[in-house]
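Heads up: the structure comes next, in structure tokens.
Note that the structure is predicted; figures quoted are calculated from it, not measured. Proteins get letters first, then strands, A, B, ... in listed order; numbering begins at 1 in each.
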There are 2 protein chains.
Amino acid sequence: MPGDASATLAVSTVIFALRREADSELATVWLPLVRRIREPYEGCWALPGGPLRSDEDLAVAAARTLNETTGLTPRYLEQLYAFGDVGRSAGGRVVSIVYWALVRSEEAEQASVGENVRWFAADDLPPLAFDHNLIVEYALWRLRNKMEYSRIAHAFLGETFTLAQLREVHEAVLGRALDPANFRRGIEASNAVVATDEVLLGTRHRPPRLYRYDSAIDLADQGPLPRLNDRPLIAPQQHLNDEGKNA
Amino acid sequence: MPGDASATLAVSTVIFALRREADSELATVWLPLVRRIREPYEGCWALPGGPLRSDEDLAVAAARTLNETTGLTPRYLEQLYAFGDVGRSAGGRVVSIVYWALVRSEEAEQASVGENVRWFAADDLPPLAFDHNLIVEYALWRLRNKMEYSRIAHAFLGETFTLAQLREVHEAVLGRALDPANFRRGIEASNAVVATDEVLLGTRHRPPRLYRYDSAIDLADQGPLPRLNDRPLIAPQQHLNDEGKNA
DNA sequence: TCAAAAGTGTTAGACGTACACCCATGG
DNA sequence: CCATGGGTGTACGTCTAACACTTTTGA
């Protein structure tokens, strides 16, 4: 066995945020893409990513390209899949290890958008480079699946939030309305969230109570895999979320 | 960006089979390991695998090393995870794309076991090379999780089987006894299985009916990912399972 | 006082679990 | 006939979806 891996190794990331359309009621899922500036697929939109550096972990590479693209720090980051079929690249074998990430909606609003970076509605994408349409589709499938049995919806929200806001996140991702009463009971029963003694003022109705994450509970069960969110993924720059409590 | 991936790319596979202990009632999960014949970790047991060849897909590489190790064809094969942290290899960066596979129990009984290949009980492993203990642990977690909401148990069985045999598979993987009556109803309601008009004779009680897979139903929902089992993973040798029907 | 959303209560059906019971075969 | 697992019936507790209803604010 001559033991040389004749394939390029790259890391890409599907970055999700929620965006409320100007007119519409429901928020929808959006993601940033970058325009390719070289062959193959020059001019096409593609997932942000790049070659793996020899001194960084896979998840760190994903967080780095995410940051380079959007200027943001991921609130949630999980490996999606390794795509490596022979024919997928057209011009040299490339194995892409793809992550998917969630960023806060408000931060995403003011995220940098250059000439070659643009946000798209996830369910209305143009034809992308390589097999990236399939990859986004798969990432969306995982996001929707995981929403049902984990707490990743919190990753889209700020420090405190109302149950209606949390419900809107679920509704946007799942694409259907949920019963407010039953949703409240479900969340309360899960203990994923703790009530603060504050309420949100300024509405034109009864002020809703504000809630906070229970930081002792992880956003998603990854099984025996070491949890990513326990350590910072990129070098401390501005203000990271660095609450390292455990139960 | 100097764009060269300075990491070796390898594919490994966690291969599961069920084995009934001579005395015990319950079957348990077993897997084959190979002894390393070179540094690092020379002499240690490790997952079967090897470098990725430039002309084969990732899943094909997994099926190939599985076949080279056990002489078997996987009944189920799924990508598990890509492990690529900087410090995991000790002597050169290695990114391992790991698959997990299920093989039929009877075939595994008579599988080739050379000097450097041995089967181990999955819950009683020695310290393995690299981070392979963690990998096996994660694969087991996935197997148990997936057993609850998919039909992968069928992969352990032959062409026809009784519901008691199918229940034994579930019990072995989940590690607890299941109510025969409720299990029957659950399986029947899922339509995963169709009754044949044959029964299994030779027992010392009422002969149980034999069942067959519904080949229109995939073993597990992989979402939008192309299904592996639709095409043969290794070149046709002896007698592959080649029923390519669809609903 | 009214509209609107927050928040609570109640009910009917689905579903999971436990277990009693009959059925059919080998010995 | 009897032991044994195959196979059926049934009842009970829990969970879920639907929706009526009360509460509390801004306007």
Which comes earlier along DNA chain D counting from the 5' end, the contact point of Arg204(A) or that of Arg176(A), where each point is its nearest nucleotide? Arg176(A)

Would you mind telling me which residue lines up with the more 5' stretch of DNA chain C, Asn182(B) or Asn182(A), judged by nearest nucleotide? Asn182(A)

DNA chain D: 5'-proximal contact among Val199(B) and Ala181(A) (nearest heavy atom): Val199(B)

Separation of dA18(D) P from Phe183(A) CZ (nearest whole Å): 16 Å

Is there a side-chain contact between Leu143(B) and Ile152(B), using heavy atoms and a 4.5 Å cut-off? yes

Going by atom types alone, do Tyr81(A) and Gln79(A) pair a side-chain donor with an acceptor below 3.5 Å? no

Using modelled atom types only, decide if a donor and an acceptor are shared between the side chain of Thr65(B) and the backbone of Ala62(B) within a distance under 3.5 Å. yes

Is it the case that dT23(D) (base atoms only) and Arg206(A) (side chain only) share a donor and an acceptor within less than 3.5 Å, ignoring hydrogens and angles? yes

Using a 4.0 Å heavy-atom cut-off, does Thr203(B) contact any base of the nucleic acid, only the sugar-phosphate backbone, or nothing at all? sugar-phosphate

Calculate the interatomic distance between Leu201(A) atom CG and dA4(C) atom P; express it in whole Å. 20 Å

Verify the distance criterion only: is there a donor paired with an acceptor across the side chains of Asn182(A) and Arg185(A) at less than 3.5 Å? yes

Measure CD/Glu188(B) against P/dG16(C) and give the value in whole Å, please. 15 Å

Separation of atom CG in Leu210(A) from atom C1' in dA6(C), rounded to whole Å: 13 Å

In this structure, how many angstroms lie between the P atom of dG16(C) and the CZ atom of Arg184(B), rounded? 17 Å

Rounding to a whole Å, what distance do you find between Glu148(A):CD and dT16(D):C1'? 14 Å

Mind calculating the distance between CG (Leu163(B)) and P (dC23(C)) to the nearest angstrom? 20 Å

Please confirm whether any donor atom in the side chain of Arg185(B) sits under 3.5 Å from an acceptor in the base of dG9(D), or the reverse. yes

Using 30° and 60° as the class boundaries, would you call the ring planes of His170(A) and Phe183(A) parallel, tilted or perpendicular? perpendicular

Taken to the nearest whole Å, CG/Leu178(A) to C1'/dC19(D) is 16 Å

